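Okay, structure first, notes after.
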Amino acid sequence: MPRKPLNNRRVADVLREIGLILQAQGIAFKPQAYEHAADTILALQEDLSSLYKMCGTRCIDDLPGIGPSITKKIKELVMTGRLAYYDNLKRDYPMDLLALTSIQNVGPKTAVRLYQALGIKTLKDLERAVKAKKIHRLPGFGRKTEDQMLRGLGFLREHKGRTLLHDALPLAEAVVERLRQVPGVTHCDVAGSLRRRRETIGDIDLLITTSKPKLAIQAYKTLPQVSQVLEEGPTYVVVRFSFGMNGDLRILKPGDYGSALVHYTGSREHNILIRERARKLGYKLSEYGFFRGNTRIACKTEADVYKKLKMQWIPPEIREATDEVSLAAAHKIPDLIGYDDLRGDLQVQTDWTDGAASIEAMAREAKARGLSYIAITDHTRALAMTGGLNEKRLREQGREIDRVNKKISGLRILKGTECDVLRDGSLDLSDKVLKTLDIVCISIHNTFQLSELEQTERLIRAMKNPLVNVVFHPTGRVVNRREPYAIDMPRVVRAAKEYHVALEVNGSDRLDLRDLHVRMAIEAGVKLVIDSDAHFIEEFGFLPFGIATARRGWAKKSDVLNTLPVASFLKAIGKNRPVLS
DNA sequence: GCCGTTTTCGGCCCGACTGTTTTCAGTCG
């Protein structure tokens, strides 16, 4: 170990696995240190080995969460491709801990017990044991655990090999930025599911036009993010990024760029529909270009293609073969919310609970990013691990918000909360204190196992409270990591309409509501808010992912309340409370 | 193992829930 190419992903995996082994051994605190270091490595844009070659251990030691001991280990990994400390641990823990613990409710200790009792090392081993009904016979395990594992294995199979939008997009944008600067390059765009902003991405597809193909290919192959060249031809290159995804670059002729961009953006189902339309109009559209008979018709832009097909241009986010093609033909595609339309962010956590920055720091960052208001929505006491606020602390926080509001001009900080919905649907804070806030947002953070009926009624009971304005992340899912809890979304949407409660589109890796539910909400006349759920100043950068998801759900600017200026916004959410400001 | 206007040692998110138990370990947020 490791035999696989040593890219950042691999280094991060090794560190993460060390953390899991230490956790299984019951060691305190060290596991978090390894976990944190792994996160840092994964967020790194530059290839670790290039970084090390450039400035040695100094640059690595400087990274947040990485100190002298882990720096030494990274150096060993980068220099030799192995790590003696890790290899020693693996002798006693030869199981694939990363894979096994990616199943919900399976942690390192469970994985180790499964190995000791049944010799389970891999997901395949586990699947065999589950199917042979061997698990529930072990002491401390039971039928329910076995069923949970079976479901977990299924969830994992569905999501295998796909990268989160949040991880793929910054990488792709950095690559595009770089390629656009290469002499000769006239166009460079991301295509594929990434351009459609799907929540998870398989490969990164890049298209360019250039007068100097060799130069572009050379530039691409030697990007700092690239760890390996997998395939190469005169007009295409496939690489492996150090982050762990493949990237396909295709070089196109300027006259084919429009039709190629349509083709490679997809979706496949969308392409089938517009090819059919092309055929009916006497054209042929394929990955090779746009034709009438055997005559190639130049389409330099996508707009040219859609125009020839007598359609409106269709935003990539909705090219999913729902009804966009027929609506575009009737010129009835609505104006979707734009990436610059948000004026406020209504879910912001601070160092009063599990956020990393002060109220003032978050406010200044929001202002720097062009927002004109934010709501501070720290957790409440039921979420003890975050140091959730009780009523006394919330009042203190209100005074701090008053202080910062006086200090910062051009940005209004709203007093809010992310109030926990308790098991019975009551709220974690009293109405008396909720009344003192500008905005009350609620969310479910525990007891995910209720039946669909119980969970739905729990949430709806909370929504009925006339002080509640917004339901945060209504389905509780985390993309690639956690399934939504069982909940009847059509009923929740109807309740949102009836009780005048907005639903959130959360821009973090929750992306909750998801695209389908956004559309469901909009069609029911329910208003949305789009939030970052920022816990760090950098995480205001999640807002565009929320906007993308809203666009995928066909949201218009008028569907989203935090596109309004603060006074109108407060009026729009206001129910039984006096409108402030 | 990392970190530092609570600095070079002593902190570091800790309580609820679940499934298995008859008192608790493991996981999660």
Side-chain angles (χ1 to χ4, degrees), chain A residues 14-16 18-41 60-74 85-86 89 97 100-114 117 135-149 151-152 349-358 360-361 378-390 393 418 420-424 428 443-451 454-455 458 472-473 476-478 481-483 485 506 508-510 512 533 535:
Chain A
V14 168
L15 296 176
R16 212 179 290 281
I18 292 172
L20 287 169
I21 293 172
L22 298 175
Q23 227 176 306
Q25 295 175 333
I27 294 169
F29 305 115
K30 281 193 194 185
Q32 288 94 306
Y34 278 96
E35 181 81 20
H36 185 198
D39 286 341
T40 298
I41 299 298
I60 294 171
D61 204 357
D62 279 351
L63 297 168
I66 296 179
S69 171
I70 293 183
T71 299
K72 221 175 119 195
K73 293 186 172 72
I74 293 175
Y85 174 72
Y86 174 79
L89 286 175
L97 275 172
L100 292 167
T101 58
S102 63
I103 296 175
Q104 256 196 80
N105 300 314
V106 176
K109 292 188 181 179
T110 303
V112 169
R113 283 172 59 201
L114 290 172
I135 306 284
H136 77 269
R137 287 201 285 267
L138 299 175
F141 292 78
R143 297 260 178 210
K144 284 190 173 178
T145 307
E146 200 168 70
D147 288 348
Q148 262 178 4
M149 286 177 175
R151 280 201 305 277
Q349 270 72 233
T350 70
D351 59 5
W352 283 66
T353 59
D354 59 346
S358 66
E360 183 168 344
D378 276 305
H379 291 289
T380 57
R381 57 193 165 190
L383 211 56
M385 63 142 326
T386 66
L389 305 183
N390 58 26
R393 288 272 292 155
E418 177 174 7
D420 251 58
V421 176
L422 306 181
R423 188 188 175 127
D424 66 355
D428 196 22
S443 49
I444 288 177
H445 288 117
N446 56 33
T447 326
F448 295 144
Q449 317 282 2
L450 295 182
S451 72
E454 287 170 314
Q455 196 71 278
R458 171 193 189 187
F472 279 166
H473 48 76
R477 67 122 176 215
V478 182
R481 275 196 295 144
R482 198 170 72 208
E483 286 193 272
Y485 38 71
N506 187 300
S508 77
D509 60 355
R510 292 173 174 275
D512 180 12
D533 201 353
H535 288 68

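Proteins come first, then strands; the chains are lettered A, B, ... in the order of their sequence lines, and each starts at number 1. Being a predicted model, the structure only gives us computed values, none of them experimental.
- Taking the salt bridge (charged side-chain N to carboxylate O under 4.0 Å, His left out) definition, one finds that A:Asp428 meets it with A:Arg381, sequence neighbours left out.
- Relative to the ring axis of A:Tyr85, A:Lys73 places its NZ or CZ within 45° and under 6.0 Å from the centre.
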Polar-atom pairs under 3.5 Å, protein N or O versus N or O of nucleotides 19-23 of chain B: list them with distances, or write none.
from   : atom 1 : to       : atom 2 : distance (Å)
B:dG19 : O3'    : A:Thr145 : OG1    : 3.0
B:dT20 : OP1    : A:Gly142 : N      : 2.4
B:dT20 : OP1    : A:Gly142 : O      : 3.0
B:dT20 : OP1    : A:Arg143 : N      : 3.4
B:dT20 : OP1    : A:Thr145 : N      : 3.3
B:dT20 : OP1    : A:Thr145 : OG1    : 2.8

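- A salt bridge does not link A:Asp424 to A:Arg458: none of the charged nitrogens lies less than 4.0 Å from a carboxylate oxygen.
- When atom types are taken as modelled, the side chain of A:Thr145 and the backbone of A:Phe141 share no donor-acceptor pair closer than 3.5 angstrom.
- Taking atom CD1 on A:Ile74 and atom P on B:dG1, their separation rounds to 13 Å, with Å as the unit.
- Heavy-atom neighbours of A:Arg143 CZ from other residues, nucleotides or ligands within 6.0 Å: at or below the threshold of 12.
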For nucleotides 8-10 of chain B, which of its nitrogen or oxygen atoms have a protein nitrogen or oxygen under 3.5 Å away, and what is each distance?
none

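- Contact check on A:Asp378 versus A:Arg393 returns no salt bridge, with no Lys/Arg side-chain nitrogen under 4.0 Å from an Asp/Glu carboxylate oxygen.
- The stretch residues 349-358 of chain A has no heavy atom under 4.0 angstrom from DNA chain B at all.
- Remark: A:Glu454 engages no residue in a salt bridge (charged side-chain N to carboxylate O under 4.0 Å, His left out) (not counting sequence neighbours).
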So which protein N/O to nucleotides 26-29 of chain B N/O distances come out below 3.5 Å?
from   : atom 1 : to       : atom 2 : distance (Å)
B:dG26 : O3'    : A:Thr110 : OG1    : 3.0
B:dT27 : OP1    : A:Gly107 : N      : 2.5
B:dT27 : OP1    : A:Gly107 : O      : 2.9
B:dT27 : OP1    : A:Thr110 : N      : 3.0
B:dT27 : OP1    : A:Thr110 : OG1    : 2.5
B:dC28 : OP1    : A:Asn105 : N      : 2.7
B:dG29 : OP1    : A:Arg482 : NE     : 3.3
B:dG29 : OP1    : A:Arg482 : NH1    : 2.1
B:dG29 : O5'    : A:Arg482 : NH1    : 3.1

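- Under the Watson-Crick and G-U wobble criteria, each requiring two contacts below 3.5 Å, nucleotide B:dT8 is left unpaired.
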